[in-house]
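One structure is given here, and the rest of the page talks about it.
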Number of protein chains: 2
Amino acid sequence: MTQHVRLCEVGPRDGLQMAKGMMPTADKVRWVRQLAEAGLHEIEVGSFVSPKLVPQMADTGIVLHQALEVEGLTVCALACNLRGAMAAYEAGAHVLAFPISVSETHSHANVGKGTDAQIAMMAAIVEWVRQQPRPMRIDAAVATAFGCSLEGVVPAARVASVAQAVVRTGVDEIALADTVGYAHPAQVRDVVRATQDAIGAKLTKLHLHDTMGLGLANALAGLTEGIRSFDSCLGGLGGCPFAPGASGNIVTEDLVFMLESMGYHTGIDLSRLLAARALLAQALPEDPLRSGVAAAGIPKTFQERRERVRSGC
Amino acid sequence: MTQHVRLCEVGPRDGLQMAKGMMPTADKVRWVRQLAEAGLHEIEVGSFVSPKLVPQMADTGIVLHQALEVEGLTVCALACNLRGAMAAYEAGAHVLAFPISVSETHSHANVGKGTDAQIAMMAAIVEWVRQQPRPMRIDAAVATAFGCSLEGVVPAARVASVAQAVVRTGVDEIALADTVGYAHPAQVRDVVRATQDAIGAKLTKLHLHDTMGLGLANALAGLTEGIRSFDSCLGGLGGCPFAPGASGNIVTEDLVFMLESMGYHTGIDLSRLLAARALLAQALPEDPLRSGVAAAGIPKTFQERRERVRSGC
(Lines give C-alpha, C1' and ligand atoms only; values in the text may rest on other atoms or scores of the structure.)
Protein backbone atom coordinates (compact mmCIF):
# COMPACT_ATOMS: atom_id res chain seq x y z
CA MET A 1 0.00 0.00 0.00
CA THR A 2 1.51 3.31 -1.11
CA GLN A 3 2.27 5.86 1.57
CA HIS A 4 1.74 8.75 -0.83
CA VAL A 5 -1.54 10.63 -0.43
CA ARG A 6 -2.76 12.95 -3.17
CA LEU A 7 -4.67 16.01 -2.08
CA CYS A 8 -6.82 18.13 -4.35
CA GLU A 9 -7.40 21.64 -2.99
CA VAL A 10 -10.99 22.56 -3.78
CA GLY A 11 -10.98 25.91 -1.99
CA PRO A 12 -11.06 28.07 -5.14
CA ARG A 13 -14.20 26.19 -6.21
CA ASP A 14 -16.09 24.54 -3.32
CA GLY A 15 -14.81 27.05 -0.77
CA LEU A 16 -15.33 30.29 -2.65
CA GLN A 17 -18.69 29.38 -4.21
CA MET A 18 -20.28 29.37 -0.76
CA ALA A 19 -18.35 32.35 0.62
CA LYS A 20 -20.16 35.47 1.76
CA GLY A 21 -17.62 37.66 0.02
CA MET A 22 -16.41 37.70 -3.58
CA MET A 23 -12.67 37.08 -3.93
CA PRO A 24 -11.24 39.34 -6.63
CA THR A 25 -9.87 37.49 -9.67
CA ALA A 26 -6.31 38.71 -9.14
CA ASP A 27 -6.40 37.44 -5.55
CA LYS A 28 -7.71 34.06 -6.70
CA VAL A 29 -4.79 33.74 -9.09
CA ARG A 30 -2.25 34.76 -6.45
CA TRP A 31 -3.88 32.34 -3.99
CA VAL A 32 -3.74 29.43 -6.45
CA ARG A 33 -0.03 30.20 -6.97
CA GLN A 34 0.61 30.23 -3.22
CA LEU A 35 -1.24 26.94 -2.78
CA ALA A 36 0.79 25.38 -5.59
CA GLU A 37 4.03 26.72 -4.10
CA ALA A 38 3.09 25.10 -0.79
CA GLY A 39 3.08 21.77 -2.64
CA LEU A 40 -0.54 21.30 -3.66
CA HIS A 41 -0.11 19.79 -7.11
CA GLU A 42 -3.80 19.48 -7.90
CA ILE A 43 -6.21 22.38 -7.51
CA GLU A 44 -9.86 22.72 -8.51
CA VAL A 45 -9.76 26.33 -9.65
CA GLY A 46 -13.41 26.95 -10.41
CA SER A 47 -16.52 25.74 -12.17
CA PHE A 48 -18.09 26.36 -15.56
CA VAL A 49 -21.63 26.92 -14.41
CA SER A 50 -24.12 29.72 -14.91
CA PRO A 51 -22.69 32.97 -13.50
CA LYS A 52 -26.27 33.90 -12.65
CA LEU A 53 -26.53 30.91 -10.29
CA VAL A 54 -22.96 31.06 -8.93
CA PRO A 55 -21.57 34.58 -9.49
CA GLN A 56 -18.41 33.73 -7.51
CA MET A 57 -17.36 31.40 -10.36
CA ALA A 58 -17.90 33.84 -13.24
CA ASP A 59 -14.15 34.39 -13.66
CA THR A 60 -13.22 30.68 -13.78
CA GLY A 61 -11.93 30.98 -17.35
CA ILE A 62 -9.43 33.71 -16.42
CA VAL A 63 -8.31 31.97 -13.22
CA LEU A 64 -7.87 28.68 -15.08
CA HIS A 65 -5.87 30.36 -17.82
CA GLN A 66 -3.47 31.81 -15.24
CA ALA A 67 -3.32 28.56 -13.26
CA LEU A 68 -2.13 26.72 -16.37
CA GLU A 69 1.04 28.79 -16.20
CA VAL A 70 1.97 27.33 -12.81
CA GLU A 71 4.56 24.67 -13.54
CA GLY A 72 3.65 21.14 -12.48
CA LEU A 73 0.12 22.05 -11.43
CA THR A 74 -2.77 19.79 -12.39
CA VAL A 75 -5.63 22.19 -13.03
CA CYS A 76 -9.16 20.89 -12.39
CA ALA A 77 -12.50 22.50 -13.15
CA LEU A 78 -16.02 21.46 -12.34
CA ALA A 79 -18.91 21.37 -14.79
CA CYS A 80 -22.44 20.02 -14.48
CA ASN A 81 -23.36 19.54 -18.15
CA LEU A 82 -21.90 19.09 -21.66
CA ARG A 83 -21.73 22.81 -22.32
CA GLY A 84 -19.72 23.37 -19.14
CA ALA A 85 -17.47 20.40 -19.90
CA MET A 86 -16.77 21.81 -23.37
CA ALA A 87 -15.92 25.17 -21.80
CA ALA A 88 -13.55 23.45 -19.35
CA TYR A 89 -11.86 21.64 -22.23
CA GLU A 90 -11.61 24.76 -24.36
CA ALA A 91 -10.12 26.65 -21.40
CA GLY A 92 -7.43 23.97 -21.16
CA ALA A 93 -8.39 22.17 -17.92
CA HIS A 94 -6.33 19.05 -17.22
CA VAL A 95 -9.12 17.44 -15.23
CA LEU A 96 -12.88 17.72 -15.42
CA ALA A 97 -14.83 17.08 -12.21
CA PHE A 98 -18.44 16.13 -12.82
CA PRO A 99 -21.04 15.59 -10.07
CA ILE A 100 -23.58 12.78 -10.26
CA SER A 101 -25.88 12.62 -7.26
CA VAL A 102 -27.10 9.27 -5.95
CA SER A 103 -30.11 10.99 -4.44
CA GLU A 104 -32.70 11.69 -7.16
CA THR A 105 -34.08 14.63 -5.21
CA HIS A 106 -30.66 16.20 -4.67
CA SER A 107 -29.75 15.55 -8.30
CA HIS A 108 -32.82 17.48 -9.47
CA ALA A 109 -32.09 20.30 -7.01
CA ASN A 110 -28.42 20.48 -7.95
CA VAL A 111 -28.36 19.97 -11.72
CA GLY A 112 -32.00 19.97 -12.76
CA LYS A 113 -32.16 16.32 -13.78
CA GLY A 114 -32.28 12.87 -12.20
CA THR A 115 -29.41 10.48 -11.54
CA ASP A 116 -29.83 8.38 -14.72
CA ALA A 117 -30.12 11.46 -16.92
CA GLN A 118 -26.94 12.84 -15.36
CA ILE A 119 -25.15 9.52 -16.01
CA ALA A 120 -26.29 9.75 -19.66
CA MET A 121 -24.89 13.29 -19.72
CA MET A 122 -21.60 11.95 -18.37
CA ALA A 123 -21.52 9.39 -21.20
CA ALA A 124 -22.05 12.12 -23.79
CA ILE A 125 -19.28 14.19 -22.23
CA VAL A 126 -16.84 11.27 -22.17
CA GLU A 127 -17.63 10.54 -25.82
CA TRP A 128 -17.06 14.17 -26.79
CA VAL A 129 -13.86 14.58 -24.77
CA ARG A 130 -12.32 11.38 -26.16
CA GLN A 131 -12.79 12.75 -29.69
CA GLN A 132 -10.81 15.89 -28.95
CA PRO A 133 -7.11 16.21 -29.86
CA ARG A 134 -5.97 16.87 -26.28
CA PRO A 135 -6.52 14.40 -23.43
CA MET A 136 -8.48 15.56 -20.39
CA ARG A 137 -8.86 13.38 -17.31
CA ILE A 138 -12.50 12.90 -16.33
CA ASP A 139 -13.36 12.45 -12.65
CA ALA A 140 -16.93 11.77 -11.62
CA ALA A 141 -17.97 12.74 -8.11
CA VAL A 142 -20.71 10.45 -6.84
CA ALA A 143 -22.53 12.95 -4.65
CA THR A 144 -24.74 12.44 -1.56
CA ALA A 145 -23.03 9.05 -1.26
CA PHE A 146 -23.34 9.11 2.55
CA GLY A 147 -26.79 10.56 3.03
CA CYS A 148 -28.91 13.40 1.77
CA SER A 149 -30.56 16.25 3.62
CA LEU A 150 -33.56 15.82 1.31
CA GLU A 151 -33.87 12.02 1.04
CA GLY A 152 -32.19 10.93 4.27
CA VAL A 153 -30.39 7.59 4.23
CA VAL A 154 -28.68 6.59 0.97
CA PRO A 155 -28.06 2.81 0.90
CA ALA A 156 -24.50 1.62 0.18
CA ALA A 157 -25.79 -0.79 -2.48
CA ARG A 158 -27.37 2.11 -4.36
CA VAL A 159 -24.07 4.06 -4.21
CA ALA A 160 -22.17 1.05 -5.57
CA SER A 161 -24.72 0.56 -8.32
CA VAL A 162 -24.56 4.21 -9.41
CA ALA A 163 -20.75 4.09 -9.29
CA GLN A 164 -20.82 1.02 -11.54
CA ALA A 165 -23.07 2.74 -14.07
CA VAL A 166 -20.80 5.79 -14.02
CA VAL A 167 -17.69 3.67 -14.62
CA ARG A 168 -19.39 2.19 -17.70
CA THR A 169 -19.46 5.68 -19.24
CA GLY A 170 -15.66 5.49 -19.47
CA VAL A 171 -14.61 8.04 -16.85
CA ASP A 172 -11.08 7.86 -15.51
CA GLU A 173 -11.69 8.10 -11.78
CA ILE A 174 -14.54 8.06 -9.29
CA ALA A 175 -14.78 10.01 -6.05
CA LEU A 176 -17.40 9.45 -3.37
CA ALA A 177 -18.69 12.74 -1.98
CA ASP A 178 -20.25 13.31 1.43
CA THR A 179 -22.01 16.35 0.03
CA VAL A 180 -23.92 17.32 3.16
CA GLY A 181 -21.46 15.95 5.72
CA TYR A 182 -23.60 13.20 7.25
CA ALA A 183 -21.02 10.40 7.01
CA HIS A 184 -19.61 8.54 9.99
CA PRO A 185 -16.55 6.27 10.02
CA ALA A 186 -18.38 2.92 9.99
CA GLN A 187 -20.42 4.13 7.03
CA VAL A 188 -17.30 5.31 5.19
CA ARG A 189 -15.88 1.81 5.65
CA ASP A 190 -19.08 0.13 4.43
CA VAL A 191 -19.74 2.41 1.45
CA VAL A 192 -16.10 2.41 0.32
CA ARG A 193 -15.99 -1.39 0.53
CA ALA A 194 -19.26 -1.79 -1.38
CA THR A 195 -18.00 0.58 -4.06
CA GLN A 196 -14.59 -1.08 -4.27
CA ASP A 197 -16.37 -4.42 -4.70
CA ALA A 198 -18.32 -2.89 -7.58
CA ILE A 199 -15.66 -0.84 -9.39
CA GLY A 200 -12.29 -1.71 -7.82
CA ALA A 201 -9.45 0.78 -8.24
CA LYS A 202 -11.62 3.21 -10.22
CA LEU A 203 -12.68 4.50 -6.82
CA THR A 204 -9.79 6.79 -5.97
CA LYS A 205 -11.00 9.65 -3.84
CA LEU A 206 -13.19 10.89 -0.99
CA HIS A 207 -14.69 14.36 -0.87
CA LEU A 208 -15.64 14.98 2.76
CA HIS A 209 -17.32 17.79 4.63
CA ASP A 210 -16.81 18.52 8.31
CA THR A 211 -20.44 19.35 9.10
CA MET A 212 -20.69 17.17 12.21
CA GLY A 213 -17.04 17.52 13.24
CA LEU A 214 -16.29 14.02 11.91
CA GLY A 215 -14.39 15.03 8.77
CA LEU A 216 -10.93 13.82 9.75
CA ALA A 217 -12.28 10.72 11.48
CA ASN A 218 -14.02 9.90 8.19
CA ALA A 219 -10.79 10.55 6.27
CA LEU A 220 -9.01 8.16 8.64
CA ALA A 221 -11.68 5.53 7.96
CA GLY A 222 -11.08 6.04 4.22
CA LEU A 223 -7.31 5.71 4.64
CA THR A 224 -7.85 2.44 6.49
CA GLU A 225 -9.78 1.15 3.46
CA GLY A 226 -6.94 2.11 1.12
CA ILE A 227 -8.18 5.49 -0.14
CA ARG A 228 -5.15 7.62 -1.02
CA SER A 229 -6.74 10.74 -2.48
CA PHE A 230 -8.84 13.42 -0.80
CA ASP A 231 -10.41 16.76 -1.62
CA SER A 232 -9.94 19.41 1.05
CA CYS A 233 -10.19 23.15 1.48
CA LEU A 234 -7.84 25.66 3.09
CA GLY A 235 -9.46 27.06 6.22
CA GLY A 236 -12.30 24.56 5.86
CA LEU A 237 -14.14 27.15 3.82
CA GLY A 238 -17.36 26.24 2.13
CA GLY A 239 -20.59 24.74 3.32
CA CYS A 240 -23.64 23.22 1.87
CA PRO A 241 -26.75 25.05 0.67
CA PHE A 242 -28.86 22.13 1.94
CA ALA A 243 -27.46 22.04 5.49
CA PRO A 244 -27.87 25.40 7.22
CA GLY A 245 -25.19 26.00 9.86
CA ALA A 246 -23.02 23.30 8.38
CA SER A 247 -19.32 23.93 8.14
CA GLY A 248 -17.38 23.36 4.97
CA ASN A 249 -14.93 20.90 3.53
CA ILE A 250 -12.34 19.11 5.59
CA VAL A 251 -9.53 21.49 6.48
CA THR A 252 -6.44 21.09 4.27
CA GLU A 253 -4.06 22.30 7.00
CA ASP A 254 -5.33 19.81 9.61
CA LEU A 255 -5.52 16.98 7.06
CA VAL A 256 -1.91 17.58 6.02
CA PHE A 257 -0.89 17.68 9.69
CA MET A 258 -2.64 14.36 10.31
CA LEU A 259 -1.29 12.62 7.22
CA GLU A 260 2.31 13.81 7.57
CA SER A 261 2.28 13.03 11.30
CA MET A 262 1.09 9.50 10.50
CA GLY A 263 3.96 9.01 8.06
CA TYR A 264 2.08 9.57 4.81
CA HIS A 265 3.74 11.71 2.19
CA THR A 266 1.71 14.59 0.77
CA GLY A 267 4.53 16.71 -0.66
CA ILE A 268 3.03 19.71 1.11
CA ASP A 269 4.99 22.17 3.25
CA LEU A 270 2.72 22.89 6.22
CA SER A 271 4.30 26.27 7.07
CA ARG A 272 3.86 27.55 3.53
CA LEU A 273 0.34 26.17 3.48
CA LEU A 274 -0.53 28.12 6.63
CA ALA A 275 0.98 31.25 5.07
CA ALA A 276 -1.51 30.93 2.18
CA ARG A 277 -4.35 31.64 4.66
CA ALA A 278 -3.42 35.32 4.92
CA LEU A 279 -4.57 36.20 1.42
CA LEU A 280 -7.81 34.30 1.90
CA ALA A 281 -8.53 36.00 5.23
CA GLN A 282 -7.78 39.40 3.72
CA ALA A 283 -9.95 38.86 0.63
CA LEU A 284 -12.87 37.39 2.57
CA PRO A 285 -12.97 39.19 5.93
CA GLU A 286 -16.51 38.02 6.68
CA ASP A 287 -15.84 34.32 6.14
CA PRO A 288 -14.44 32.61 9.23
CA LEU A 289 -11.51 30.29 8.53
CA ARG A 290 -11.17 27.10 10.55
CA SER A 291 -8.09 24.99 11.38
CA GLY A 292 -6.79 23.64 14.65
CA VAL A 293 -3.19 23.72 13.44
CA ALA A 294 -3.54 27.35 12.36
CA ALA A 295 -5.03 28.36 15.72
CA ALA A 296 -2.53 26.49 17.90
CA GLY A 297 0.52 26.64 15.65
CA ILE A 298 2.53 23.71 14.32
CA PRO A 299 3.60 21.79 17.43
CA LYS A 300 7.20 21.12 18.31
CA THR A 301 6.61 17.37 17.96
CA PHE A 302 5.74 17.74 14.26
CA GLN A 303 9.06 19.40 13.43
CA GLU A 304 10.96 16.88 15.51
CA ARG A 305 9.30 13.98 13.75
CA ARG A 306 10.21 15.38 10.35
CA GLU A 307 13.79 15.92 11.48
CA ARG A 308 13.97 12.34 12.75
CA VAL A 309 12.59 11.07 9.45
CA ARG A 310 15.17 13.13 7.56
CA SER A 311 18.07 11.93 9.68
CA GLY A 312 16.86 8.34 9.30
CA CYS A 313 16.40 7.74 13.05
CA MET B 1 -15.69 -6.71 22.03
CA THR B 2 -18.40 -4.78 23.87
CA GLN B 3 -20.39 -2.21 21.92
CA HIS B 4 -20.99 -0.09 25.00
CA VAL B 5 -18.88 3.04 25.30
CA ARG B 6 -18.63 4.86 28.62
CA LEU B 7 -18.29 8.63 28.47
CA CYS B 8 -17.15 10.80 31.34
CA GLU B 9 -18.22 14.43 30.96
CA VAL B 10 -15.33 16.58 32.18
CA GLY B 11 -16.89 19.95 31.30
CA PRO B 12 -17.57 21.01 34.90
CA ARG B 13 -13.86 20.48 35.63
CA ASP B 14 -11.63 20.62 32.54
CA GLY B 15 -14.03 22.88 30.65
CA LEU B 16 -14.84 25.42 33.32
CA GLN B 17 -11.33 25.69 34.78
CA MET B 18 -10.11 27.26 31.54
CA ALA B 19 -13.21 29.35 30.87
CA LYS B 20 -12.98 33.13 30.70
CA GLY B 21 -16.11 33.47 32.80
CA MET B 22 -17.00 32.05 36.21
CA MET B 23 -20.07 29.82 36.16
CA PRO B 24 -22.18 30.45 39.25
CA THR B 25 -22.43 27.48 41.64
CA ALA B 26 -26.20 27.12 41.24
CA ASP B 27 -25.78 27.00 37.45
CA LYS B 28 -23.06 24.36 37.76
CA VAL B 29 -25.41 22.18 39.81
CA ARG B 30 -28.30 22.65 37.37
CA TRP B 31 -25.94 21.91 34.48
CA VAL B 32 -24.67 18.69 36.10
CA ARG B 33 -28.28 17.61 36.58
CA GLN B 34 -29.11 18.34 32.93
CA LEU B 35 -26.07 16.39 31.75
CA ALA B 36 -27.03 13.44 33.95
CA GLU B 37 -30.62 13.59 32.67
CA ALA B 38 -29.28 13.45 29.11
CA GLY B 39 -27.72 10.11 30.03
CA LEU B 40 -24.20 11.00 31.12
CA HIS B 41 -23.73 8.61 34.02
CA GLU B 42 -20.21 9.75 34.91
CA ILE B 43 -19.33 13.40 35.44
CA GLU B 44 -16.13 15.01 36.71
CA VAL B 45 -17.73 17.79 38.73
CA GLY B 46 -14.64 19.70 39.82
CA SER B 47 -11.21 19.55 41.40
CA PHE B 48 -9.87 19.89 44.92
CA VAL B 49 -6.99 22.19 44.15
CA SER B 50 -5.92 25.57 45.52
CA PRO B 51 -8.71 28.13 44.92
CA LYS B 52 -5.94 30.69 44.53
CA LEU B 53 -4.56 28.84 41.50
CA VAL B 54 -7.93 27.78 40.04
CA PRO B 55 -10.66 30.06 41.39
CA GLN B 56 -13.26 28.48 39.09
CA MET B 57 -13.03 25.28 41.17
CA ALA B 58 -13.41 26.90 44.61
CA ASP B 59 -17.00 25.61 44.94
CA THR B 60 -16.22 21.99 44.04
CA GLY B 61 -17.30 20.77 47.49
CA ILE B 62 -20.77 22.29 47.14
CA VAL B 63 -21.23 21.13 43.55
CA LEU B 64 -20.09 17.60 44.46
CA HIS B 65 -22.46 17.47 47.43
CA GLN B 66 -25.40 18.36 45.17
CA ALA B 67 -24.24 16.00 42.43
CA LEU B 68 -24.33 13.09 44.88
CA GLU B 69 -28.08 13.55 45.06
CA VAL B 70 -28.50 12.75 41.36
CA GLU B 71 -29.62 9.15 41.21
CA GLY B 72 -27.35 6.77 39.34
CA LEU B 73 -24.64 9.36 38.75
CA THR B 74 -21.01 8.41 39.27
CA VAL B 75 -19.43 11.57 40.67
CA CYS B 76 -15.73 12.14 39.93
CA ALA B 77 -13.38 14.76 41.27
CA LEU B 78 -9.81 15.60 40.43
CA ALA B 79 -7.02 16.13 42.94
CA CYS B 80 -3.29 16.58 42.50
CA ASN B 81 -2.03 15.62 45.97
CA LEU B 82 -2.94 13.68 49.15
CA ARG B 83 -4.65 16.66 50.73
CA GLY B 84 -6.90 17.10 47.69
CA ALA B 85 -7.59 13.36 47.53
CA MET B 86 -8.62 13.38 51.19
CA ALA B 87 -10.91 16.32 50.51
CA ALA B 88 -12.46 14.44 47.57
CA TYR B 89 -13.03 11.40 49.76
CA GLU B 90 -14.49 13.44 52.62
CA ALA B 91 -16.80 15.18 50.17
CA GLY B 92 -18.09 11.77 49.08
CA ALA B 93 -16.65 11.47 45.55
CA HIS B 94 -17.21 8.07 43.94
CA VAL B 95 -14.11 8.40 41.77
CA LEU B 96 -10.83 10.21 42.27
CA ALA B 97 -9.00 11.34 39.11
CA PHE B 98 -5.30 11.93 39.67
CA PRO B 99 -2.90 13.28 37.02
CA ILE B 100 0.61 11.89 36.64
CA SER B 101 2.56 13.51 33.84
CA VAL B 102 5.03 11.49 31.79
CA SER B 103 6.91 14.67 30.94
CA GLU B 104 9.10 15.68 33.90
CA THR B 105 8.96 19.33 32.86
CA HIS B 106 5.17 19.34 32.55
CA SER B 107 4.86 17.46 35.83
CA HIS B 108 6.85 20.14 37.63
CA ALA B 109 4.84 22.92 35.92
CA ASN B 110 1.51 21.23 36.68
CA VAL B 111 1.91 19.79 40.18
CA GLY B 112 5.24 21.10 41.40
CA LYS B 113 7.03 17.75 41.46
CA GLY B 114 8.55 15.23 39.03
CA THR B 115 6.95 12.09 37.63
CA ASP B 116 8.42 9.65 40.16
CA ALA B 117 7.49 11.87 43.10
CA GLN B 118 3.93 12.09 41.76
CA ILE B 119 3.79 8.28 41.44
CA ALA B 120 4.95 8.04 45.07
CA MET B 121 2.16 10.47 45.97
CA MET B 122 -0.30 8.24 44.13
CA ALA B 123 0.91 5.25 46.18
CA ALA B 124 0.36 7.17 49.42
CA ILE B 125 -3.14 8.17 48.29
CA VAL B 126 -4.07 4.61 47.34
CA GLU B 127 -2.83 3.39 50.71
CA TRP B 128 -4.83 6.03 52.55
CA VAL B 129 -8.02 5.50 50.51
CA ARG B 130 -7.93 1.73 50.94
CA GLN B 131 -7.90 2.18 54.73
CA GLN B 132 -11.08 4.23 54.70
CA PRO B 133 -14.48 2.68 55.43
CA ARG B 134 -16.01 3.70 52.10
CA PRO B 135 -14.63 2.52 48.75
CA MET B 136 -13.56 5.17 46.22
CA ARG B 137 -12.46 4.25 42.71
CA ILE B 138 -9.04 5.66 41.87
CA ASP B 139 -8.30 6.58 38.27
CA ALA B 140 -4.85 7.79 37.30
CA ALA B 141 -4.55 9.99 34.22
CA VAL B 142 -1.18 9.51 32.57
CA ALA B 143 -0.75 13.03 31.20
CA THR B 144 1.29 14.34 28.24
CA ALA B 145 1.17 10.74 26.96
CA PHE B 146 1.20 11.91 23.33
CA GLY B 147 3.66 14.77 23.45
CA CYS B 148 4.42 17.82 25.52
CA SER B 149 4.55 21.47 24.56
CA LEU B 150 7.57 21.81 26.85
CA GLU B 151 9.52 18.59 26.15
CA GLY B 152 8.28 17.74 22.66
CA VAL B 153 8.10 14.07 21.73
CA VAL B 154 7.19 11.63 24.52
CA PRO B 155 8.27 8.09 23.57
CA ALA B 156 5.62 5.33 23.73
CA ALA B 157 7.98 3.11 25.75
CA ARG B 158 8.26 5.82 28.41
CA VAL B 159 4.45 6.12 28.60
CA ALA B 160 4.12 2.35 29.01
CA SER B 161 6.79 2.32 31.69
CA VAL B 162 5.14 5.13 33.67
CA ALA B 163 1.75 3.41 33.31
CA GLN B 164 3.29 0.20 34.67
CA ALA B 165 4.73 2.04 37.69
CA VAL B 166 1.35 3.68 38.30
CA VAL B 167 -0.48 0.35 38.15
CA ARG B 168 1.89 -0.98 40.84
CA THR B 169 0.52 1.65 43.24
CA GLY B 170 -2.79 -0.21 43.18
CA VAL B 171 -5.01 2.23 41.25
CA ASP B 172 -8.20 0.89 39.69
CA GLU B 173 -7.98 2.33 36.19
CA ILE B 174 -5.54 4.15 33.95
CA ALA B 175 -6.37 6.79 31.35
CA LEU B 176 -3.94 8.12 28.77
CA ALA B 177 -4.27 11.88 28.36
CA ASP B 178 -3.33 13.93 25.32
CA THR B 179 -2.98 16.95 27.56
CA VAL B 180 -1.87 19.41 24.90
CA GLY B 181 -3.64 17.83 21.93
CA TYR B 182 -0.60 16.77 19.88
CA ALA B 183 -1.71 13.18 19.23
CA HIS B 184 -2.36 11.72 15.81
CA PRO B 185 -4.14 8.46 15.01
CA ALA B 186 -1.04 6.35 14.27
CA GLN B 187 0.46 7.51 17.56
CA VAL B 188 -2.75 6.70 19.45
CA ARG B 189 -2.55 3.19 18.02
CA ASP B 190 1.14 2.81 18.95
CA VAL B 191 0.92 4.29 22.46
CA VAL B 192 -2.29 2.42 23.31
CA ARG B 193 -0.77 -0.86 22.12
CA ALA B 194 2.47 -0.30 24.04
CA THR B 195 0.47 0.53 27.19
CA GLN B 196 -1.87 -2.43 26.75
CA ASP B 197 1.19 -4.67 26.41
CA ALA B 198 2.47 -3.25 29.70
CA ILE B 199 -0.71 -3.09 31.82
CA GLY B 200 -3.45 -4.89 29.89
CA ALA B 201 -7.06 -4.07 30.76
CA LYS B 202 -6.02 -1.55 33.44
CA LEU B 203 -5.84 0.91 30.54
CA THR B 204 -9.47 1.86 30.14
CA LYS B 205 -9.75 5.41 28.90
CA LEU B 206 -8.48 8.15 26.61
CA HIS B 207 -8.64 11.83 27.48
CA LEU B 208 -8.27 13.72 24.20
CA HIS B 209 -8.09 17.36 23.22
CA ASP B 210 -9.09 18.71 19.82
CA THR B 211 -6.23 21.20 19.49
CA MET B 212 -5.24 20.23 15.95
CA GLY B 213 -8.74 19.22 14.83
CA LEU B 214 -7.83 15.54 15.16
CA GLY B 215 -9.78 14.79 18.35
CA LEU B 216 -12.43 12.49 16.89
CA ALA B 217 -9.97 10.84 14.50
CA ASN B 218 -7.87 10.02 17.56
CA ALA B 219 -10.94 8.71 19.38
CA LEU B 220 -11.64 6.49 16.37
CA ALA B 221 -8.07 5.17 16.50
CA GLY B 222 -8.60 4.40 20.20
CA LEU B 223 -11.88 2.60 19.48
CA THR B 224 -10.10 0.48 16.89
CA GLU B 225 -7.63 -0.59 19.60
CA GLY B 226 -10.46 -1.59 21.92
CA ILE B 227 -10.72 1.54 24.09
CA ARG B 228 -14.32 1.84 25.32
CA SER B 229 -14.14 4.86 27.62
CA PHE B 230 -13.51 8.53 26.82
CA ASP B 231 -13.48 11.87 28.56
CA SER B 232 -15.20 14.65 26.65
CA CYS B 233 -16.62 18.09 27.21
CA LEU B 234 -19.92 19.66 26.17
CA GLY B 235 -19.26 22.38 23.60
CA GLY B 236 -15.60 21.34 23.49
CA LEU B 237 -14.95 23.86 26.22
CA GLY B 238 -11.54 24.04 27.80
CA GLY B 239 -8.09 24.45 26.44
CA CYS B 240 -4.59 24.07 27.63
CA PRO B 241 -2.51 26.67 29.45
CA PHE B 242 0.55 25.40 27.58
CA ALA B 243 -0.88 25.63 24.06
CA PRO B 244 -2.07 29.16 23.28
CA GLY B 245 -4.89 29.21 20.75
CA ALA B 246 -5.59 25.55 21.35
CA SER B 247 -9.18 24.43 21.53
CA GLY B 248 -10.47 22.28 24.33
CA ASN B 249 -11.52 18.72 24.94
CA ILE B 250 -13.20 16.59 22.32
CA VAL B 251 -16.80 17.66 21.92
CA THR B 252 -19.28 15.42 23.77
CA GLU B 253 -22.11 16.13 21.31
CA ASP B 254 -20.05 15.20 18.23
CA LEU B 255 -18.49 12.18 19.96
CA VAL B 256 -21.95 10.87 20.90
CA PHE B 257 -23.13 11.46 17.34
CA MET B 258 -20.15 9.52 15.98
CA LEU B 259 -20.43 6.63 18.43
CA GLU B 260 -24.20 6.19 18.18
CA SER B 261 -24.06 6.49 14.38
CA MET B 262 -21.42 3.77 14.30
CA GLY B 263 -23.66 1.47 16.35
CA TYR B 264 -22.00 1.91 19.75
CA HIS B 265 -24.26 2.36 22.74
CA THR B 266 -23.60 5.37 24.97
CA GLY B 267 -26.95 5.60 26.74
CA ILE B 268 -27.02 9.30 25.90
CA ASP B 269 -29.97 11.14 24.34
CA LEU B 270 -28.41 13.50 21.80
CA SER B 271 -31.34 15.95 21.76
CA ARG B 272 -31.29 16.35 25.54
CA LEU B 273 -27.52 16.66 25.44
CA LEU B 274 -27.78 19.54 22.95
CA ALA B 275 -30.40 21.18 25.19
CA ALA B 276 -27.84 21.24 28.03
CA ARG B 277 -25.74 23.72 26.00
CA ALA B 278 -28.19 26.56 26.63
CA LEU B 279 -27.32 26.92 30.31
CA LEU B 280 -23.61 26.81 29.54
CA ALA B 281 -23.90 29.44 26.81
CA GLN B 282 -25.95 31.67 29.10
CA ALA B 283 -23.59 31.36 32.07
CA LEU B 284 -20.42 31.85 29.98
CA PRO B 285 -21.33 34.31 27.21
CA GLU B 286 -17.67 35.01 26.40
CA ASP B 287 -16.64 31.40 25.93
CA PRO B 288 -17.38 30.09 22.43
CA LEU B 289 -18.95 26.65 22.33
CA ARG B 290 -18.01 24.28 19.55
CA SER B 291 -19.91 21.33 18.01
CA GLY B 292 -20.69 20.44 14.43
CA VAL B 293 -23.89 18.65 15.40
CA ALA B 294 -25.09 21.66 17.42
CA ALA B 295 -24.37 24.04 14.53
CA ALA B 296 -25.94 21.91 11.80
CA GLY B 297 -28.62 20.13 13.82
CA ILE B 298 -29.07 16.39 14.20
CA PRO B 299 -29.40 15.09 10.65
CA LYS B 300 -32.41 13.18 9.40
CA THR B 301 -30.24 10.12 8.80
CA PHE B 302 -29.41 9.85 12.52
CA GLN B 303 -33.06 9.66 13.54
CA GLU B 304 -33.81 7.19 10.79
CA ARG B 305 -30.97 4.95 11.85
CA ARG B 306 -32.21 4.90 15.44
CA GLU B 307 -35.70 4.11 14.25
CA ARG B 308 -34.37 1.26 12.12
CA VAL B 309 -32.42 -0.07 15.09
CA ARG B 310 -35.52 0.14 17.28
CA SER B 311 -37.72 -1.63 14.75
CA GLY B 312 -35.09 -4.35 14.33
CA CYS B 313 -34.49 -3.73 10.59
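Reminder, nothing fancy here: chain letters follow the sequence lines and each chain counts from 1.
- From Asp190(A), atom CG reaches atom CE of Met262(B) across 9.5 Å, with rounding to the nearest 0.5 Å.
- Heavy-atom minimum distance, Ala217(A) versus Met258(B): CB-SD, 4.0 Å.
- Chain B forms the most heavy-atom pairs under 4.5 Å with one residue out of Cys148(A), Gly181(A), Gly213(A), and that residue is Gly213(A).
- For the side-chain contact (heavy atoms from CB on, under 4.5 Å) test with Leu214(B), the passing option among Leu220(A), Leu216(A), Leu255(A) is Leu216(A); the others fail.
- Contact between Ala296(B) and Met212(A) at its shortest, heavy atoms only, is CB-CE, 4.0 Å.
- For Val293(A), the parts sitting under 4.5 Å from any heavy atom of chain B are the backbone and the side chain alike.
- The shortest heavy-atom contact between Phe257(B) and Tyr182(A) is CZ-O, 4.4 Å.
- For the options Pro185(B), Gly147(B), Ser291(B), Gly215(B), heavy-atom pairs under 4.5 Å to chain A are most numerous at Pro185(B).
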